[in-house]
Structure formats: C-alpha cells, structure tokens
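Below is one structure; the comments refer to it alone.
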Amino acid sequence: MKKTVFYTELAFFIGLALLAFGTSLTAYGDVGISMVVAPAYVLHLYISQFLPWFSFGVAEYVLQAVVLLVLILVLRKAKWTYLLSFAVTLLYGFLLDSFMMLTALLPVNLYLQIGAYIVGAVICCSALALLFCSYLPPEAYELFSKEVATKFQKPVHKVVNVYNLCSLALAVILSFAL
C-alpha cells in the first residue's frame, strides 16, 4: 500500500486563498461577517470614503500590524516569526482585495447573497482547518491567541474566545463611532 503524503505548505497556501475567498463571499452576502475581520471591514467602509485606496485588504494588514504590536507589548519580546506572520498578512490582504474585486462583479440579488454568505462561511471554516494543519506562521489574529495562550498557560480555545469577543466589541464600537 502506498503512503499518502500531506504537504502542509500546500495546505497553508490553499487555506489562505480559500480564507480570502470565503471572506469576500461573506462580505458580498452583506448579512454579516466574521467577528475577527469585522473591525477591519468597518474601518475599510469608513476610511475608503475619503481614501479610495484603503481597501478591505489594506485595512486587514493595518489592523493586523496593530495586533502584532500589541502582542509584542503584552509578551515584552519580538520574534522573527512575527515578521513572517505579517508577510502572510500582506499576502492575505492582496488575495482578499483580488477576490473582493471579483465578487463586486456579482449582481445584487438577495438569494444569491444569502447563498454566497453560507458558502463563504463554510469555506472560511474549511480554510482555517487547512491553515491549522501547517507549521507556517499564521496571520496575526491567530498568532496572537496562540502566543498569549502559550505565554500565560491558558487553553487556546478560551484565549480565542476572549479575542473574538474583543474583536466583536471593537467592531461594534467602531460602527457607532464612525
């Protein structure tokens, strides 16, 4: 019997592309978006009115740069993998903007949008599963939770839940403020 080989690098890049695609589909759906990317989306919607180049992808890597800086302050140290994580964020932002341009070509249709949202949510979940199969550095959002959980010896799922709730609160605050 031949042994199956699973290439985690390939899974990582497929997962990253699928995550960007799924996020663009949920944004097109216009019925909600992941609480993790919601603050960047709110910033994009507001700032792009004045600076048209401030895309969703740009908002993502600006906000993730802030997350990395907060991580460095919380842990009181920086690692070279944080720079790699930011490089992954830049790639994700580029992919997200590319998929956002494609989904912008789709017609405004409630049924299509609801279907796109559901498919996008499923794609995002599948993409995250692929990303977690890899040893490559994740985006800042995932890296923050992982590093904080390790440093303070807390269960990762609890840190992720707190991080997600903080993202949700930030998105709500930004929505009302802007």
Side-chain angles (χ1 to χ4, degrees), residues 5-49 51-68 81 83-146 156-157 160-161 163-164 167-168 170-171 174-175:
V5 177
F6 182 75
Y7 294 100
T8 60
E9 299 86 359
L10 183 60
F12 180 82
F13 288 109
I14 290 172
L16 197 63
L18 286 175
L19 185 61
F21 180 58
T23 301
S24 70
L25 286 176
T26 59
Y28 164 75
D30 203 25
V31 291
I33 197 159
S34 163
M35 67 185 97
V36 175
V37 298
Y41 190 64
V42 172
L43 285 175
H44 152 67
L45 291 177
Y46 180 73
I47 295 173
S48 66
Q49 296 174 30
L51 303 171
W53 55 265
F54 197 83
S55 63
F56 191 8
V58 171
E60 274 291 318
Y61 47 79
V62 166
L63 197 58
Q64 289 197 47
V66 171
V67 168
L68 284 174
T81 55
L83 188 58
L84 291 176
S85 178
F86 187 70
V88 169
T89 299
L90 290 174
L91 177 59
Y92 170 75
F94 172 76
L95 290 169
L96 179 59
D97 283 344
S98 299
F99 286 122
M100 289 294 289
M101 284 189 275
L102 289 175
T103 55
L105 300 174
L106 295 172
V108 177
N109 175 296
L110 180 62
Y111 299 112
L112 183 60
Q113 288 174 283
I114 291 171
Y117 177 81
I118 293 167
V119 169
V122 170
I123 288 173
C124 284
C125 291
S126 302
L128 287 171
L130 286 171
L131 289 171
F132 284 118
C133 289
S134 175
Y135 64 88
L136 295 171
E139 290 181 271
Y141 299 144
E142 291 83 15
L143 181 70
F144 184 91
S145 298
K146 179 181 164 191
V156 174
H157 71 278
V160 167
N161 287 340
Y163 182 87
N164 289 346
S167 290
L168 176 62
L170 179 59
L174 287 172
S175 294

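It should be emphasised that the depicted structure is a prediction, and the values quoted were computed from it without experimental measurement.
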Is any side-chain heavy atom of [Y] closer than 4.5 Å to one of [X]?
{"X": "L90", "Y": "F94", "result": "no"}
{"X": "F12", "Y": "V88", "result": "yes"}
{"X": "V160", "Y": "N164", "result": "yes"}
{"X": "V119", "Y": "V122", "result": "no"}
{"X": "I123", "Y": "S126", "result": "no"}

**Q.** Check against side-chain contact (heavy atoms from CB on, under 4.5 Å), F54 and Q49
**A.** CA-CA 9 Å; F54 197 83; Q49 296 174 30; over 6 Å; no
Q) By side chain to side chain contact (heavy atoms under 4.5 Å, CB included), which residues pair with L83, not counting sequence neighbours? A)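 Checked L83 against side chain to side chain contact (heavy atoms under 4.5 Å, CB included); zero matches.
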Smallest separation among heavy atoms of [X] and [Y], with atom names:
{"X": "F56", "Y": "A27", "value": "CE2-CB, 4.5 Å"}
{"X": "A171", "Y": "V42", "value": "O-CG2, 4.1 Å"}
{"X": "C124", "Y": "G22", "value": "SG-C, 3.4 Å"}
{"X": "A140", "Y": "S85", "value": "N-OG, 3.4 Å"}

Please round to the nearest 0.5 Å and tell me the distance separating atom [atom1] of [X] and atom [atom2] of [Y].
{"X": "S167", "Y": "Y141", "atom1": "OG", "atom2": "OH", "value": "7.0 Å"}
{"X": "W53", "Y": "L51", "atom1": "CH2", "atom2": "CG", "value": "5.0 Å"}
{"X": "S145", "Y": "H157", "atom1": "OG", "atom2": "NE2", "value": "12.0 Å"}
{"X": "C133", "Y": "I14", "atom1": "SG", "atom2": "CD1", "value": "11.5 Å"}
{"X": "L19", "Y": "L130", "atom1": "CG", "atom2": "CG", "value": "10.5 Å"}
{"X": "F99", "Y": "Y92", "atom1": "CZ", "atom2": "OH", "value": "10.5 Å"}

Q) How far apart are the C-alpha atoms of L68 and F86, what are their side-chain angles, what is the distance that settles it, and do they pass the side-chain contact (heavy atoms from CB on, under 4.5 Å) test? A) CA-CA 8 Å; L68 284 174; F86 187 70; 3.7 Å; yes
**Q.** F13 and L91: CA distance, side-chain angles, deciding distance, side-chain contact (heavy atoms from CB on, under 4.5 Å) verdict
**A.** CA-CA 10 Å; F13 288 109; L91 177 59; 3.9 Å; yes
Okay, side chain of [X], backbone of [Y]: is any donor-acceptor separation there less than 3.5 Å?
{"X": "T26", "Y": "T23", "value": "yes"}
{"X": "Q64", "Y": "T89", "value": "no"}
{"X": "Q113", "Y": "Y28", "value": "yes"}
{"X": "S48", "Y": "S55", "value": "no"}

Q: Test E60 against L96 for side-chain contact (heavy atoms from CB on, under 4.5 Å), laying out the working first.
A: CA-CA 9 Å; E60 274 291 318; L96 179 59; 3.8 Å; yes
Q) Without hydrogens or angle criteria, can the side chains of Y135 and E9 be said to hold a donor-acceptor pair below 3.5 Å? A)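 Note: Y135 and E9 side chains meet the donor-acceptor criterion.
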Q: Compute whether any side-chain donor of one residue and acceptor of the other, for Y163 and E142, lie under 3.5 angstrom apart.
A: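 Side-chain D/A pair, Y163 to E142: absent.
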